Structure formats: structure tokens, C-alpha cells
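Report on the following structure.
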2 protein chains.
Amino acid sequence: MGNVTIRILARHLQLSAATVSKALADSHEISGPTKKRVLEMAAALNYTPNPYASSLRRKKSRTIAVILPEVADSFFSQAINGIEAIAQDKGYHVLVCLTHERTLKEQAILHEMLGGRADGILISVTSETTDPASILELQEKGVPVVFFDRVCEGIDTARIVTDDAQSAYKATDHLIRQGCKQIAFLAISEGLSISHQRIEGYKQALTAHGIRFNGSDIIPCTHDAEENLRSLKKIMRQQHRPDGIIASVEKLAVQVYQACREENIRIPEDIKVIGFSNLVTAAYLNPALTTITQPAFEMGRAAASLLFKALGNKSFSLSQNIQVIPSELQVRDSTH
Amino acid sequence: MGNVTIRILARHLQLSAATVSKALADSHEISGPTKKRVLEMAAALNYTPNPYASSLRRKKSRTIAVILPEVADSFFSQAINGIEAIAQDKGYHVLVCLTHERTLKEQAILHEMLGGRADGILISVTSETTDPASILELQEKGVPVVFFDRVCEGIDTARIVTDDAQSAYKATDHLIRQGCKQIAFLAISEGLSISHQRIEGYKQALTAHGIRFNGSDIIPCTHDAEENLRSLKKIMRQQHRPDGIIASVEKLAVQVYQACREENIRIPEDIKVIGFSNLVTAAYLNPALTTITQPAFEMGRAAASLLFKALGNKSFSLSQNIQVIPSELQVRDSTH
DNA sequence: TATTGTTACGAAAACGGTTAAGTAAATAAA
DNA sequence: TTTATTTACTTAACCGTTTTCGTAACAATA
């Protein structure tokens, strides 16, 4: 297993380790012929640098961490793809850390990052997150942090978000124009900025159409599918069942379909449904689901790009850098 | 930024760095009271160990790498969730490396891994991969490698797969029993073991029912959705259009729906469709898609578990360790 | 000729945590 | 009492790469 190190390479070449290191880094201090010799020998001995030795010495890891609640969701999957594409292009690695929607886990991960494991952080916070302390701490250490999608208030750094309020407005407006009188809004954690924004947009659209906002139309949902299904079915059986539903996250839309099927409620005749979703199958659902489609891949790319700007240029400030990438309303059969 | 290192901690405690290191590792060489003092001071100074220094010295990174073609796919997303769950439990980090289905990229990533970036590798190879050399090289260096789903022949190591041949057999058998006479099989890269297995199962089912296998019923597909759509539509317009279709990977199923819609072909009346898929929305598609559902999360978990067994026990051999987790045929409307 | 610059390389000290080997002091065994 | 053992530490040498500071050798300039 005797790994070939830079010193062994150097010995083979009758050079010093320093020279080899510089040659591999294409330093101007090293002559052309020597560089060539080094490269050739490195290839011949199949030399692979130890990334940890390098990270230790240079105090950079060429790694970014992506911290997010879950990955079994079209939005985050697509976002990871966007992030990884950029990172790979820059020669960086991507550490994926899942919080499973638990703020404690999130804090533990963030604390670990203080050790310098990653040069920068992309984060979409859990729905429980309210305390910005761990993130602030990282910032103070000089680790750039970029939020994407789910941001945490109280921290002044870059954010890549979509136009949550307007999207919810558009969704609500669309339902009203399609004749809905009572629109339920399926919400997740109200502490979350995106949740708050979306609810705001929903309220504004109601107001704009002269419909009085009814607090009980905001349906708080959880991460437990069974539980959500139960409450949805209960709502479907109600006397005054809503005639429109906005699912503020993807999986809630699927749960609505399930609840409607089990309660024999027809979409869109009995109830119109619109979902925030990136499902590639939205158009082929029964009925085809009207969606607010988020630019997941682009958001991932944008977040990573911004992070790399900060990494490449220490004087580049992420502060106040808010990028809003608009979502798109795609009208389909579920709101006809 | 003056990071707090173990030596600074030691100075504050009037101890040596070695003592502190051992105390933090809960070594028996250190007395109870001293351990307590160390822990307290570490917390007070907010000490976070530098993972790279540790990795360099100990020659282990507490990191595993997951190398896969793409992540925007239900199967891989769910698998990552399974893998991450186990890794987190073991105190390991997960590096996600995407090959974008390019074997060259895959080789570059694998070569990098020789440097010791990860203690173990989970890999699902690209559809182009045929050369096992890079993987063998890693094995020779003592890096345990576990295949999941897409394996590469010529390497003797653990594999977590699903019962591809039987699943394809079941799918084909099901279509035949539903009355299909001409069943097209949408295949990706025939070099891939799963592809090969699935085709074998398909052929066997045909034979079992006394149907002659027709080579032109194997439709080679690519990673280019547009291109696939074009060939699918062409097939749909054919004189002797197939009356059954097996989509051997998830996204092909969606493309079939699209092609059928655009060519006004009814599922299941004109053509019955079955797909290898983990779509949570399969049951809500129009029509509900009959699927071979792969145990993605479980496969991820199993692969990671096996890898950690190898990491925890140097004498544990991954060789010959093949675990087959069965897929499930879920009959829905698309094959009625 | 003396001085300054340039080129191409080497020696050695980092980076921060771990660990083998060593050592005083206290305790146990002979 | 002497010797062996245990306890609780410390010293110093790693791990492999990078980087600062030298320094010969040679060229260019004054």
C-alpha cells in the first residue's frame, strides 16, 4: 500500500519535494524541462496528491457543503444537480449534509463546519430553524454562507430565492379567476420565511379580489404524510369544504390527490388544486397538475456561482446580495 | 480568525497537547477530572478539531464517497437518503460525486479517490462504463468499494442489486397475460449489467410464453430526452406498433406518456405501459402507471451498511457478497 | 571589475492532531 | 526494603503538502 508521496516522487527524480510541489503547481520558479520530467514521472508512478495534507497546509479544502433538509424531493434533487455542476467545474467537491428537518442536527453540522471542513456553505434551513447563532458564528470565522430557497432571518448574507409572495399571489389569483370561493392553503412551518412569504401572497390576492381572509383556511401540515392525509381527508369531509387548494410544497400536492381519491372528490370539478412543485410528471398526473414551478436547477447554479465568487475574491461581499429567480405558473387541468 | 487549536486549548489548561488529544478521545490514559476539565475548556473556547489534520495523521477521513450518474431521478435521490442516514449514524460524511453518465468523468473521480479522500466508495457506474481498471486500482489500495444498482463486471466486490432479471420477467409476463402480442423494451446502454439482466428477463418471459424474440423490439434509448421522444413517436406511428412497452428506467416511462399523448395513442387501450420507476406519483398519473418499484432507500441503506462493515473490520471481505433486494410489481391502470 | 538581477532549485519550517515512547510519582508485590 | 507495576501525564516525531527564505550559478548592467 506504500502510497507514493511527493517525497518519493522527488527521490525518483533526484529533486527536492519543494521543486516537485512547485512543478506540479506549474510555478514560474521551475524550468520547463523540469516540469515536464515531473509530470511524466508523476503519471508513471500514478501519483495522487493527498488532499488532506494540502487542505491542512493551505487552509482550504476545495470542498463546499450543501446543507439541506432532505433530498427525496424534486426541488432539492434538481438543486443539487445545479450546485454540483458548478462545483465540479471549479474543481470543488460537494459534501451533502442532510438535517432531516431537525434544527438540532443542523446546528451540529454547522458547528462541525467551524473546523474548516468546507470552504463555503450553501444552506436551505430546516422548517424549525429560528436561531441564526450557528450560522453567524461561521460567518465570523470567514466562511461564506449562501442561503437558497429557505432562508433564515437575522443574517446578512446572500440569498437565492424565488418570488414566493408573487407566486402564491399568482396561484391564488388564478384559483379565484377559475371561480374558487374558498381556498385552503396547505402550509408548512410558519416560522419559515418562504412559508410566510407564500401566505402573504395568498392573503394579498384574496384582499385584491375582496375576499375576506379566514385564518382557518391556512392548514398547518407536518412532515408526517399519514398525519397530513388524515387532516386532509377530514377537511374533504367537512360541511364547507374548500373549492380550491394551494399546496405550498410538492409532497403536499401528492397527498391532496391521495386524499381526494380516497374521499371520492373530483379534481377539478369539486375542488381545484395547484401545487408548488417541480415534478416532471405534473403534466401527466390525473388530472394534470397546475403548478408553480420553481427554477430549482437554476437556483442551485446561482447559489453555487455566488458562493464561488465569494471564495475567489475575499473582498466580494455577499451581504445584501439577494437574487430572486422567478417561478412560473403552469396552468393545467387540475384548475380547469 | 486565530483558530483555537488543540495546542491553544492545552496552553489554557496547562496541559500538553497530547493529553488534551487523548482526553478528547476519552482515552483510559487520562484521569476523570482531567477529562472533565478538558471537555469544559473545549466547550468554553468553542474548540472544533480540524478534520484534515486528523485525517492526515490517521489516514482516515471519516468520509465516504457516493459516485453516481445523476441525482435528478427518484431512484438515486432515495438511495442517497438511505446512504446518508447510515453514514450520519456512523459519524461519517458523504461526498456526492456526479459522473453525468460520462465514463471519463467517472475515471477522473475514481483516480482522485486514490489520494485517500474517502475511506470507502459506493458507486453506481455510468452506462458507458466497461473498464474496471480504475476501480480495481482503488481496491488494490485497500479502499473498499461497494456497487449498488449499476454494477461493473470484472470486479469482485460487494453488490447491492435488485432482481433485475426476475423483475423484467414479471413485467413481461404481466403484459403478455394482459394480452400483449408485441412488446417493445426500451433499453439504455446494453453494456450495463442491469440493462443486460433486464433484457434477459424479458427474453425469458417471451420464450416461456412461446413468443419469438424479435431483436427490433429492443429499442435503444439515450440520455437525450428529445432524441428518445423522436424515436418513440416514430415507433408509435409505425404500421406494426407495439401493443406493450417496458420502460427499463424511470424517465423513459415519462417519455412514453409524452409520446403517446402527442401521437394520440391511448394507454392502456392502444398500448400498455409498464415502467421501472420509483415515482411517488406513479399512482396518480393518467393513467396510473404500473411499475416495477425498486427498493431505492433500502438499497442505499444496505450498500452503506455493508461498506461500514468493511470499514469497521479490515478482515471482513466484501468479495462474493451479493445482496439482492427484490423489486415489486405494482399493477395499475396503464396495463389494464 | 564590481554590482545587481534573474533563474532554478533546495532546506526547513510550518499546518494541527495523533501516537509511540518515555518518565516521574504513586502504589502494589516480593 | 527493594522491585515491579500502574497511573497520568509529556516529549517529540510523525502524516504529506506548501511556502518562505535561502543560495548557488549565471547574465546583465554600470
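Being a predicted model, the structure only gives us computed values, none of them experimental. Chain identifiers are assigned alphabetically (A, B, ...) following the order of the sequence lines, protein sequences preceding nucleic acid strands; residue numbering begins at 1 within each chain. The figures that follow rest on heavy atoms only: side chains count, while hydrogens, waters and symmetry mates do not.
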Quick check for you: among [options], whose closest atom lies nearest to any side-chain atom of [X]?
X       : options                : answer
A:Glu29 : D:dC21, D:dT10, C:dC15 : D:dC21
B:Thr5  : C:dG17, D:dT17, D:dT11 : C:dG17
A:Leu15 : C:dG10, D:dA8, D:dA13  : C:dG10

### Task
Take atom CZ of B:Arg11 and atom P of C:dG16, then tell me their distance rounded to the nearest Å.
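So the two atoms are 12 Å apart, to the nearest Å.
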
Contact class for [X] (heavy atom, under 4.0 Å): base, sugar-phosphate, or nothing?
X       : value
A:Ser21 : base
A:Lys22 : base
B:Pro51 : nothing

Can you tell me if [X] touches the phosphate of [N], counting only side-chain N or O atoms and a distance under 4.0 Å to OP1 or OP2?
X       : N      : result
A:Lys59 : C:dG16 : yes
A:Ser31 : C:dT7  : no
A:Ser16 : C:dA11 : no

### Check: D:dT17 base within 3.5 Å donor-acceptor of A:Arg7 side chain
yes

### Query
Would the number of heavy atoms belonging to other residues, nucleotides or ligands and lying under 6.0 Å from CZ of B:Arg150 be above 12?
yes

### Message
Counting only heavy atoms not in A:Lys35 (residues, nucleotides, ligands), do more than 12 fall under 6.0 Å from its NZ?
### Response
yes

### Message
If you define the side chain from C-beta out and look only at heavy atoms, does anything of A:Thr157 sit under 4.5 Å from A:Gln320?
### Response
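No, every pair of side-chain atoms sits at 4.5 Å or beyond.
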
#### Entry: DNA chain C: 5'-proximal contact among A:Lys35 and B:Tyr47 (nearest heavy atom)
A:Lys35

